[in-house]
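Let me begin by presenting the structure, written as structure tokens, before commenting on it.
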Amino acid sequence: MNDVMGIINLSESDENIKDLTLSRSIASIMVLGRYRVVDFILSNMTNSGLTNVGIFTHGNSRSLTNHLGSGKHWGLDRKRDGLFIFHPEHRLDDNIRRTGDLENFKANLDYLKNSNQEYVLLSRSYMICNIDYRPFVDYHKKTGADITIAYKNMENSVRRFVECDSLTLDDDKNIVSIGKNLGKKRHYDISMEMYVMKRELFIKIIEESVHRGDARFMKEAIFNRMEDLNVNAYQFDGYLSCVNTLQNYYQTNMDLLNVANSRELFYKNGRIFTKVLDSPSTQYTDNSYVSNSLVANGCIIEGTVENCIICRDVHVKKGAIVRNSIVFPNAVISETTNLNYTILDKNVVITERKMLFGDSGSPFVIKKNTVL
Amino acid sequence: MKKEIIAMILAGGQGSRLREITETVAKPAVSFAGKYRIIDFALSNCSNSNIDTVGILTQYQPLALNAHVGIGSSWDLDRQYGGVKILPPYVSKDGGRFYKGTANAIYENINYIESYAPEYVLMLSGDHIYKMDYMKMLDDHKAKKSDVTIAVLEVPWEETNRFGILNTRDDDRIYEFDEKPENAKSNLASMGIYIFNWSVLKKYLVNDENDPESKNDFGKNIIPKILEDNLDMFAYRFRGYWKDVGTVESLWEANMDLIKLGADFDLHDKKWRAYSVNPISPPQFISPYGMIESSLINEGCIIEGNVKKSVLSPDVYVGIGSHIEESVIMPNVTIEDDVKIYRTIVINDLNIPKGSVIGDPNSKEITVYAGENTSE
């Protein structure tokens, strides 16, 4: 895979997951106990042998850049190639044109032009899966398509992948059109928003779109050219989820309480790398009761935890009951509290004698740093 | 370029009293408290004390230790200048051989130390569990204008016969050294942590090497010689948790010490983190069949059975119907269904077949389980 470079485009719509993106981008939301969303795509790329990865950021990226560092946790601190991070430039003279991600690509065309790889793998961060890109790229080369998009065929999965792109394919898997999934259909083909194309074509699409002014977003630019290009689809069969909405985010976390899902997602084509924090062992006491939960290191569990995802360094005190919830790092849940269907953001403190109940369809989110 | 102080960690100990545990790894590389190896504590103390140049003297079964230390990045000791260096015995034109003793190990690496032209050399052991700010000890050393400072711990009087005891005057000046005395005059035990003025140490190392009678050992030769010559040697009193985990029983006990909430040795302290090589594993999963009570559990574990008063290292699987009590499980062990384990230390990378019963809940003895290599 020396001939493929990875591009991660983070201009992902956070309209429906805003409670969790007040101080971060989707890519750096905590997920599945010890990860950030971006860890999955980065690990997939490096596990597939990619060594040149460019991340084009969007919005508040303080938390993301802190997480990524030099890229060493993903083996991307390299002399040749490695990890590159590009933030959108903000200039006052033409603010209007700069709302889309295309400007960020244009501003950093030198990076794309100076890279040596023949192909580009363009992706988002919010698709959670463990995919080997090698057969995907081989498929692209074999079919001779201009662009190949990875997709998953969903059977009987109502209300999943809401707001994601849905594909309409012909018998040869050529993409006829791309629409939006409203969550009402039982059977559909969902786009994983992972595209393989020649680097030259990628650069050409950027330059032409800027020249014509007919697109502000990369996705728009590609869709505008669907008619002129041969666009094919590559079928992925593994576990897939998307964290584009709060409901999808909640469901993704709960999916991983299923051992079959977690064996696949955490191990199948290589492990998922993340920034290491040297948290000590998680401590359970003689009062703790924990069932069907994923618990990260560094926690102290003295209470009851059921069907939960508990991130690092969380303290659940004696007599606290936490069910069906996702708890971000450093949270403190005090004595005699009862939480059900909640998401506690980072550093949240729940003081004694509190009851918080959400619903599986809309979990109750407590914002970062809240003391309740 | 000059360094004010560099650390030398003695990590060559065979640790034969740890039985099968040290069959294939050196004692400093033995896993402890779930996710650490014993040497992590000395290395983390160096890193947290801002000592950025550390030589590790290895000898016995160094493979796991070398792999663990790597270039030192886990402790922020991958430095442009300084950093961590593994110093094994080497072959010179006079032939190759093992280090003859602790003093000889340092003597053989005089060139390494001289390349940093240090004012002081901190001598550490890779076998001890404790948290200590070496810079405070150095301040004390400088304030007293010492030639040698030895860190000491007040131990219970009835245990003095297990330690090297230092007899001191009122100002903590050391005048005598008693190895495991029957009738101790003091209860200050040496922690095996020394700060030397390098110019002084170097002189004594060279003289010691030229003495054919010498055993080339710090405790037996160098320290008594310095005492004989009446140099300024002071004790530095340390308060806090310190443990030498030299035997199976003490290793098991030190692990059990940590299970209690609010243990004397706080690993949750973010200001003084113990660093280690972190496993690339998902969070621990406790299945609907799993039960955990008073235990320490790590990344990558899947718990489908009962775990009580135990320490589980990363990547341990506990099958349905299994029961683990008062035990320490080292990394990457698969415990199949219906297994019973009591008061046992299970060595890493083993598979324990269905229905096995290991250890005895009523015995005072601690079992070491090493698979087929287990001795009874």
Side-chain angles (χ1 to χ4, degrees), chain A residues 31-35 39 43 47 70 72-75 77 256-259 261-263 265-267 270-302 305-313 315 317-318 330, chain B residues 32-36 40 44 47 73-76 78 255 258-263 265-270 272-304 307-317:
Chain A
V31 65
L32 301 173
R34 66 179 305 214
Y35 304 99
D39 292 338
S43 301
N47 285 339
S70 64
K72 80 168 176 184
H73 299 294
W74 300 269
D77 57 334
L256 270 294
L257 295 180
N258 172 323
V259 177
N261 287 340
S262 68
R263 284 240 160 92
L265 184 65
F266 293 137
Y267 297 103
R271 298 203 175 193
I272 307 301
F273 297 85
T274 188
K275 183 181 177 179
V276 303
L277 292 177
D278 293 276
S279 304
S281 319
T282 282
Q283 190 155 22
Y284 297 84
T285 66
D286 47 1
N287 295 304
S288 59
Y289 174 78
V290 182
S291 177
N292 200 35
S293 296
L294 271 180
V295 183
N297 263 44
C299 297
I300 300 174
I301 312 285
E302 300 179 75
V305 173
E306 268 183 289
N307 308 324
C308 287
I309 311 290
I310 310 285
C311 296
R312 285 187 271 216
D313 301 328
H315 191 168
K317 295 194 179 171
K318 215 163 148 177
N330 303 322
Chain B
F32 177 72
K35 66 181 292 183
Y36 309 98
D40 289 339
S44 299
S47 180
S73 52
S74 294
W75 303 268
D76 276 349
D78 52 332
N255 275 287
L258 296 172
I259 286 173
K260 290 172 223 122
L261 197 62
F265 193 60
D266 180 13
L267 288 166
H268 288 269
D269 181 5
K270 285 189 179 171
W272 203 271
R273 270 279 196 232
Y275 303 106
S276 188
V277 177
N278 285 250
I280 308 300
S281 291
Q284 50 203 272
F285 177 66
I286 297 91
S287 92
Y289 309 107
M291 274 291 272
I292 305 176
E293 201 182 301
S294 301
S295 294
L296 300 181
I297 316 282
N298 277 284
E299 286 111 338
C301 287
I302 297 177
I303 313 295
E304 303 211 69
V307 179
K308 195 174 170 183
K309 291 186 184 160
S310 295
V311 175
L312 269 59
S313 304
D315 301 315
V316 172
Y317 173 80

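The chains referred to below are lettered A, B, ... by the order of the sequence lines, with proteins before strands, and numbering in each begins at 1. Note: hydrogens, waters and symmetry copies are ignored here, and every other heavy atom, side chains too, is used.
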Legend entry - Interface residue of largest heavy-atom contact number with chain B, from Asn297(A), Ile300(A), Asn307(A), under 4.5 Å: Asn297(A)
Legend entry - Main-chain N/O of Asp278(A) paired with Lys35(B) side-chain donor or acceptor, under 3.5 Å: no
Inset, instruction - Examine whether an atom of Ser281(B) lies under 4.5 Å from a heavy atom of chain A, and if so say whether it belongs to the side chain, the backbone or both; otherwise answer neither. - result: both
Inset, instruction - Pick one of side chain, backbone, both or neither for Ile302(B), based on which atoms fall under 4.5 Å of a heavy atom in chain A. - result: side chain
Legend entry - Closest non-hydrogen atom pair, Pro283(B) against Val295(A): CB-O, 3.4 Å
Legend entry - chain B contact via Leu265(A) - side chain, backbone, both or neither, heavy atoms under 4.5 Å: neither
Inset, instruction - Locate the shortest heavy-atom distance separating His268(B) from Pro280(A); write the atom from each residue and the value. - result: ND1-CG, 3.7 Å
Legend entry - Leu257(A) portion near chain B, given a 4.5 angstrom heavy-atom threshold: both
Inset, instruction - Would you mind telling me which of Ser295(B), Pro279(B), Gly34(B) has the largest number of heavy-atom pairs within less than 4.5 Å of chain A? - result: Ser295(B)
Legend entry - Per-residue contact mode, Pro314(B) against chain A (heavy atom under 4.5 angstrom): neither
Legend entry - Region of Val259(A) in contact with chain B, defined by heavy-atom distances below 4.5 Å: side chain
Inset, instruction - Could you check if a side-chain atom of Tyr289(A) sits within less than 4.5 angstrom of a side-chain atom of Met291(B), using non-hydrogen atoms only? - result: yes
Legend entry - Engaged part of Cys299(A) at the chain B interface, taking heavy atoms whose separation is under 4.5 Å: backbone
Inset, instruction - Can you tell which part of Ile272(A) gets under 4.5 Å to a heavy atom of chain B, answering side chain, backbone, both or neither? - result: backbone
Legend entry - Top contributor to chain A contacts, counting heavy-atom pairs under 4.5 Å, from Ser276(B), Gly290(B), Ser44(B): Ser276(B)
Legend entry - Lys270(B) vs Asn330(A) side-chain heavy atoms within contact, under 4.5 Å: yes
Legend entry - Distance, nearest 0.5 Å, that separates CG of Leu296(B) from OG1 of Thr282(A): 9.0 Å
Legend entry - Separation of Ser287(B) OG from Asn258(A) CG (nearest 0.5 Å): 12.0 Å
Legend entry - Gln283(A) side-chain N/O to Leu258(B) backbone N/O, donor-acceptor pair under 3.5 Å: yes
Inset, instruction - Count the heavy-atom pairs under 4.5 Å between each of Leu267(B), Ile280(B), Val311(B) and chain A, then report the option with the highest count. - result: Ile280(B)
Legend entry - Residue among Arg273(B), Lys309(B), Glu293(B) with most heavy-atom pairs under 4.5 Å to chain A: Arg273(B)
Inset, instruction - Could you look at Lys260(B) and say if it's the side chain, the backbone, both or neither that has a heavy atom under 4.5 Å from chain A? - result: backbone
Inset, instruction - Let me know if Tyr289(B) has heavy atoms under 4.5 Å from chain A in its side chain, its backbone, both or neither. - result: neither
Legend entry - Residue of the set Val307(B), Ile259(B), Ile292(B) for which side-chain contact (heavy atoms from CB on, under 4.5 Å) holds with Tyr284(A): Ile292(B)
Inset, instruction - Considering only heavy atoms and a distance below 4.5 Å, find which of Leu294(A), Val276(A), Leu256(A), Val290(A) pairs most often with chain B. - result: Leu294(A)
Inset, instruction - Pick one of side chain, backbone, both or neither for Phe273(A), based on which atoms fall under 4.5 Å of a heavy atom in chain B. - result: both
Legend entry - Heavy-atom side-chain proximity of Asp286(A) to Lys308(B) below 4.5 angstrom: no
Inset, instruction - Heavy-atom pairs under 4.5 Å with chain B are the metric here; pick the option from Ser262(A), Cys311(A), Ser279(A), Gly33(A) that has the most. - result: Ser279(A)
Legend entry - Contacting region of Thr274(A) [heavy-atom separation from chain B under 4.5 Å]: neither
Inset, instruction - Compare all side-chain heavy atoms of Pro288(B) with those of Glu306(A) and state whether any distance is below 4.5 angstrom. - result: no
Inset, instruction - For each of Ser281(A), Ser291(A), Ser288(A), tally heavy-atom pairs with chain B at distances under 4.5 Å, and name the one with the top tally. - result: Ser281(A)
Legend entry - Which atoms of Leu312(B) approach chain A - backbone, side chain, both or neither, heavy atom under 4.5 Å: neither
Legend entry - Value rounded to 0.5 Å, distance of NZ in Lys72(A) from CG in Asp78(B): 5.5 Å
Legend entry - Arg312(A) side, atom CZ; Glu299(B) side, atom CD - distance, nearest 0.5 Å: 7.5 Å
Legend entry - Which portion of Asp313(A) sits near chain B, non-hydrogen atoms under 4.5 angstrom: side chain
